[in-house]
Amino acid sequence: MNDTADKPLNFIQQIVEDDCRAVKWGTWKASDASRPGSAQTAGSPRVHTRFPPEPNGYLHIGHAKSILLNFGLAQKFGGRFNLRFDDTNPAKEEQEYVDSIKADVAWLGANWHGPNGGGLFFASDYFDRMYDWAVELIRKGKAYVCELSADEVSKRRGTPTAPATSPFRDRPAEESLRLIQEMKEGTHPNGAMTVRAKIDLASPNFNLRDPVMYRILHEAHHNTGSKWCIYPMYDWAHGFEDSIEGITHSICTLEFENHRPLYDWFIDSVNEGRSADKKIHHPQQVEFAKGLLTYTILSKRNLLRMVQEGTVKGWDDPRMPTISGFRRRGYTPEAIRTFWEEIGVTKTESVIDLGRLENAIRTDLNRRAPRAMGVLRPLKVTIENWPEGKVDWLEAQNNPEDPAAGSRTVPFTGTLFVERDDFMENPPKRFFRLAPGREVRLRWAYFVKCERVVKDAATGEVTELRCTFDPATRGGDSPDGRKVKATLHWVSADLGVPAEVRLFDRLFKVEDPGARTGEFMDDLNPISLEVVRAMIEPSLAEAKVGDKVQFERLGYFCVDRDAKPGALVFNRTVTLKDAWSRVAREE
RNA sequence: UGCCUGGUGGUGUAAUGGUAGCACAGCAGAUUCUGACUCUGCUUGUCUAGGUUCGAGUCCUAGCCGGGCAGCCA
């Protein structure tokens, strides 16, 4: 979110700017600035942000907001951005997720090793230090080992007005020190005991009712292997991760507002009794609202379920709202960035119209995607007066929005395909395309006129159009000035190439999946994917995976990674806006 | 029920006590070798009630409505 100067600052940028003005977080040292390629300058105010994902799933479009916000801040204020894995729960975390997250963050352009990069980190690398702090808190009488079962803790949680209880709260520090040591050494089974902070069992903020700091988890970790069998809880760990890395602004989402007093308490408790030079850094937390999307589900748990149950074909299924899904679908990082910039950053929970995202990718691709012609549902057209065997290579502009994109040639022959939807035997008033007796233009080619319709005798289905062309209209202009009301895309039946095209629709039928029944799967769109055999112009025969193209009048498409030489596969990224479809509904 | 938090057109936002503006969507039109793009115009809003003030979306009080929290998840 690296805005232009004239755009008003969002509230977080405002906070950071104010802090910089006040030099609240100190300045970059000469050694920081001297790092090769560094965007930090010695003496300028420090801004250090981070994106701290848990590697327990793939990143989705909502995470992109946070990544772009954090990285954008580092860029805007000449600071640094860390990518840090919050890997404190080996039961749910996997290396596959670490790898995918790195790929996605990099793709979005948040370069954690670049000029504004602070580096790549793992919370699990801090486990030793965190353990030492826990021991320190026990010594200070600020934490204890509790042998209540999870069930018991839950039962004793209390109510907003009645306090929680634990019979182990006042055990001697020596006893807790012995037990935490045993926990660490693996003496006790999962769930036997926990380390708890001794804060306030009666607090109206439940996060302060002696929260668990460590639990026993005999589980291998993707980074630390079998070194640990106790793992820190998120709340205990998170503030320290930011502290250790010197994060200035710990930006997180609204649901952590209630946790802030806890993070403050942990750091203050470590610092208590320490001399000024031994105190650990205390970052400032700032909360912002997530952005939800209509027709979309973003909870990692539910996305995982769709993957596991085979509702979609993996995390990067082009219908998924994951970063990798959007990438495969043909979205660009620029479009995603523009989208979130337009949405802004606030503390108001909002549901964003999915159309906004589609609009962003259309705008981007309109500017940069070369045009081509492809017929999704081919209808055969025979040009009756075309010279037998003749091939006419016609010049076509690659992108009317960008003259520099140049031109290509497309072959016109006696047998063509046009889109089935572009012909109607009994057209309604506002239908401008082909119909019996009507003349239209074929893009970049000729005016053609429909003379006769051939139907399947048995089904009555239109199987072929017999047309004539006007040789004087070569290139698409009529010397006598006569007009046609439509220009159609087309492909030579003889020289076109077949391709599989995957047409995606939204995954859910309703704006708020699950709102009706409580089960989001009830709102699945049964036809979110349609596969067609298309015919495309030969210039596309050598298209490479990831190539993006506008099939004129249809939409933007990209070559899927399933494509093989001679067997092209295209994904439809998004359709073009289509005024006719609205008219058609009214007709 | 306790604590935290938020309410500006259909949607997302701006206005930092001084003309409620922008974008998307919608509607109408122009243009067009993509019913796209582009351009023009239009419709629609400060949760409510009091108060402070020359002046309130903004400050104060009370209420209303929404979101979050009571995992050994993050």
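Chain letters run A, B, ... following the sequence lines, proteins first and then strands; every chain starts at 1.
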Could you list all N or O pairs between the protein and nucleotides 14-24 of chain B that sit under 3.5 Å apart?
| from | atom 1 | to | atom 2 | distance (Å) |
| --- | --- | --- | --- | --- |
| B:rU16 | O4 | A:Gln14 | OE1 | 3.0 |

For nucleotides 2-8 of chain B, tabulate all protein N/O to nucleotide N/O atom pairs closer than 3.5 Å, reporting atom names and distance.
| from | atom 1 | to | atom 2 | distance (Å) |
| --- | --- | --- | --- | --- |
| B:rG2 | N2 | A:Pro204 | O | 3.3 |
| B:rC4 | O2' | A:Asn258 | OD1 | 3.4 |

Restricting both atoms to N or O, compile the protein contacts to nucleotides 27-29 of chain B shorter than 3.5 Å, with distance only.
| from | atom 1 | to | atom 2 | distance (Å) |
| --- | --- | --- | --- | --- |
| B:rC27 | OP1 | A:Arg582 | NE | 3.3 |

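Among the candidates A:Phe266, A:Phe127, A:Tyr231, the single residue satisfying the ring-ring contact (aromatic ring centres under 6.0 Å, His included) test with A:Trp236 is A:Phe266.
Put simply, A:Arg553 has a side-chain N or O that comes within less than 4.0 Å of OP1 or OP2 on B:rG35. Listed pair A:Arg157 / B:rC72 meets the phosphate criterion, a side-chain N or O lying under 4.0 Å from OP1 or OP2. Remark: A:Thr88 is in phosphate contact with B:rA74, judged by side-chain N or O atoms under 4.0 Å from OP1 or OP2.
Here A:Arg260 lies out of heavy-atom contact (under 4.0 Å) with every strand. Within 4.0 Å (heavy atoms only), A:Arg367 reaches no atom of the nucleic acid at all. In this structure, A:Leu292 reaches neither bases nor backbone, as no heavy-atom distance under 4.0 Å exists between it and the strands shown. Counting any heavy atom pair closer than 4.0 Å across all strands shown, A:Tyr214 reaches no nucleic acid atom. Within 4.0 Å (heavy atoms only), A:Asp477 reaches at least one base atom of the nucleic acid. Contact annotation for A:Met193: no contact, since no heavy-atom pair falls under 4.0 Å across all strands.
The side chain of A:Trp580 lies closest to B:rG35, out of B:rG35, B:rC72, B:rU34. For A:Arg215, the side-chain atoms get nearest to B:rC72 when compared with the rest of B:rG35, B:rU34, B:rC72. Closest to the side chain of A:Thr487, out of B:rC72, B:rG68, B:rU34, is B:rU34.
In the region residues 394-407 of chain A, proximity to RNA chain B at under 4.0 angstrom, judged on heavy atoms, holds for A:Pro400, A:Glu401.
In terms of the salt bridge (charged side-chain N to carboxylate O under 4.0 Å, His left out) criterion, residue partners of A:Arg367 (sequence neighbours excluded) are, by chain and number, A:Asp364. Scored by the side chain to side chain contact (heavy atoms under 4.5 Å, CB included) test, A:Ala202 finds A:Pro163, A:Asp200 as partners (sequence neighbours excluded). Every residue was checked against the salt bridge (charged side-chain N to carboxylate O under 4.0 Å, His left out) condition with A:Arg356, not counting sequence neighbours, and none meets it. Considering only residues two or more places apart in sequence or on other chains, A:Arg196 meets the salt bridge (charged side-chain N to carboxylate O under 4.0 Å, His left out) condition with none of them. Applying the side-chain hydrogen bond (donor to acceptor under 3.5 Å, both in side chains) test to A:Lys102 and every residue at least two apart in sequence or in another chain returns nothing. A:Arg371 is linked by a side chain to side chain contact (heavy atoms under 4.5 Å, CB included) to A:Asn366, A:Asn399, A:Pro400, A:Glu401, A:Gln550, A:Glu552, A:Tyr556, counting only residues two or more places apart in sequence or in another chain.
Distance, A:Ile216 CD1 to B:rC73 P: 12 Å, rounded to whole Å. Atom pair A:Leu434:CG and B:rU34:P shows a separation of 16 Å (rounding to whole Å applied). Between A:His188 atom NE2 and B:rC72 atom P the separation is 19 Å, expressed in whole Å. Per the geometry, NE2 belonging to A:His238 stands 14 Å off C1' belonging to B:rC73, to the nearest Å. Spacing between atom CZ of A:Arg196 and atom C1' of B:rG71 amounts to 12 Å, rounded to whole angstrom units. Taking atom CD1 of residue A:Ile343 and atom C1' of nucleotide B:rU11, one finds them 9 Å apart after rounding to whole Å. Taking atom CG on A:Asp210 and atom C1' on B:rC72, their separation rounds to 14 Å, with Å as the unit. Rounded to whole Å, the distance from NZ on A:Lys485 to C1' on B:rU34 is 16 Å.
To the nearest whole angstrom, the two P atoms, one in B:rG21 and one in B:rA15, are 15 Å apart. Taking atom C1' on both B:rU58 and B:rG17, the two are 7 Å apart, rounded to the nearest angstrom. To the nearest whole angstrom, the two P atoms, one in B:rG57 and one in B:rG9, are 14 Å apart. Comparing the same atom, C1', in B:rC59 and in B:rC22 gives a spacing of 26 Å after rounding to whole Å.
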Q) Quick one: what's the B/S/- string for nucleotides 43-48 of chain B, heavy-atom cutoff under 4.0 Å, read 5' to 3'? A) ------
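At least one cation-pi condition fails for A:Arg441 and A:Phe447: the charged atom is not both under 6.0 angstrom from the six-membered ring centre and inside a 45 degree cone around its axis.
The strand RNA chain B forms stems, runs of 3 or more Watson-Crick or G-U wobble pairs with distances below 3.5 Å, at B:2-7 with B:64-69, B:10-13 with B:21-24, B:26-30 with B:38-42, B:47-51 with B:59-63.
To the nearest 0.5 Å, atoms CD1 (A:Ile247) and CZ (A:Arg50) are separated by 6.5 Å. Once rounded to the nearest 0.5 Å, the distance linking CZ of A:Phe168 with NZ of A:Lys198 reads 13.5 Å. The CD atom of A:Glu419 sits 12.0 Å away from the CE atom of A:Met373 when rounded to the nearest 0.5 Å.
Listed for the A:Glu342 side chain is no donor-acceptor partner under 3.5 Å among the backbone atoms of A:Phe339. At least one donor-acceptor pair under 3.5 Å links the side chain of A:Arg209 to the backbone N or O of A:Leu201.
Counting distance only, with no hydrogens placed and no angle test, the side-chain atoms of A:Arg433 and the base atoms of B:rG35 include a donor-acceptor pair under 3.5 Å.
Heavy-atom neighbours of A:Lys347 NZ from other residues, nucleotides or ligands within 6.0 Å: above the threshold of 12. No more than 12 heavy atoms of other residues, nucleotides or ligands sit less than 6.0 Å from atom NZ of A:Lys449.
Taking each heavy atom of A:Ala134 and A:Ile180 in turn, the nearest pair found is CB-CD1, 4.2 Å.
Between the side chains of A:Arg156 and A:Thr165, at least one donor N or O sits under 3.5 Å from an acceptor N or O.
When each of A:Ser350 and A:Asn366 is assigned the nucleotide of RNA chain B bearing its nearest heavy atom, the one mapping closer to the 5' terminus is A:Ser350.
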